[in-house]
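Read the structure below first, then the notes.
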Amino acid sequence: MKFGLIGATLSHSFSKDYFTKKFERLGINARYENFECENIEKVKEVLSNEQIDGFNVTIPYKEAVIDLLDELS
């Protein structure tokens, strides 16, 4: 399983380290990746080329990404 964070600048984010450790601690066979995207077109590319089971989105794409989704929870 693959999860991740989508955003413009992610160097300050603690999410990858946090979720990697959490998955290991809970024995979950999954990985968490950062998907740094310089524009909404790159977000579209990531969503169409990657098999992602779930992801978090940061500003500036938090609202714009909704139109690109099949499902929202």
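Computation of the quantities below employed the complete heavy-atom set of this structure, encompassing side-chain atoms and omitting hydrogens, waters and symmetry-equivalent molecules.
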Are Tyr18 and Phe55 joined in one hydrophobic group, where the rule is that I, L, V, M, F, W and Y side chains link up if heavy atoms are under 4.5 Å apart?
no

Salt bridge Glu33-Lys16, side-chain N to carboxylate O under 4.0 Å:
no

Let me confirm one number: the CZ-CG distance from Phe19 to Leu26, rounded to the nearest 0.5 Å.
11.0 Å

Flag the pair Leu68 / Lys44 as yes when at least one side-chain heavy-atom distance between them is below 4.5 Å, and no otherwise.
yes

When rounded to the nearest 0.5 Å, the distance separating CD1 of Ile6 from CD of Glu50 is 9.0 Å

Shortest non-hydrogen contact between Ile40 and Ala64, atoms and distance
CD1-CB, 3.9 Å

Phe23 ring center near Phe3 ring center (under 6.0 Å)
yes

Given the rule in the side-chain contact (heavy atoms from CB on, under 4.5 Å) test, do Ile52 and Phe35 qualify, once you have shown the distances and angles that lead to the verdict?
CA-CA 11 Å; Ile52 305 172; Phe35 297 96; 3.9 Å; yes

Distance, nearest 0.5 Å, that separates CG of Asn29 from CE of Met1
9.0 Å

Are Tyr61 and Asn39 linked by a side-chain donor-acceptor pair shorter than 3.5 Å?
no

Does Glu38, at its CD atom, have more than 12 non-hydrogen atoms belonging to other residues, nucleotides or ligands within less than 6.0 Å?
yes

Could you tell me whether the side chain of Lys2 reaches within less than 4.5 Å of the side chain of Gln51, counting heavy atoms only?
no

On a heavy-atom basis, the closest approach of Val65 and Leu69 is O-CG, 3.3 Å

What one should report as the nearest heavy-atom pair of Val57 and Leu5 is N-CD1, 4.3 Å

Ignoring hydrogens, what is the shortest heavy-atom contact between His12 and Thr9? Give both atom names and the distance.
CE1-O, 3.0 Å

Donor-acceptor contact below 3.5 Å, side chain Ser48 vs main chain Glu45
yes

Linking I/L/V/M/F/W/Y whenever any side-chain heavy atoms sit under 4.5 Å apart, do Ile59 and Leu10 land together?
no

Looking at Lys21 and Glu24, does any basic side-chain N land under 4.0 Å from a carboxylate oxygen?
no

SG/Cys37 to CG/Leu47 distance, rounded to the nearest 0.5 angstrom?
7.5 Å

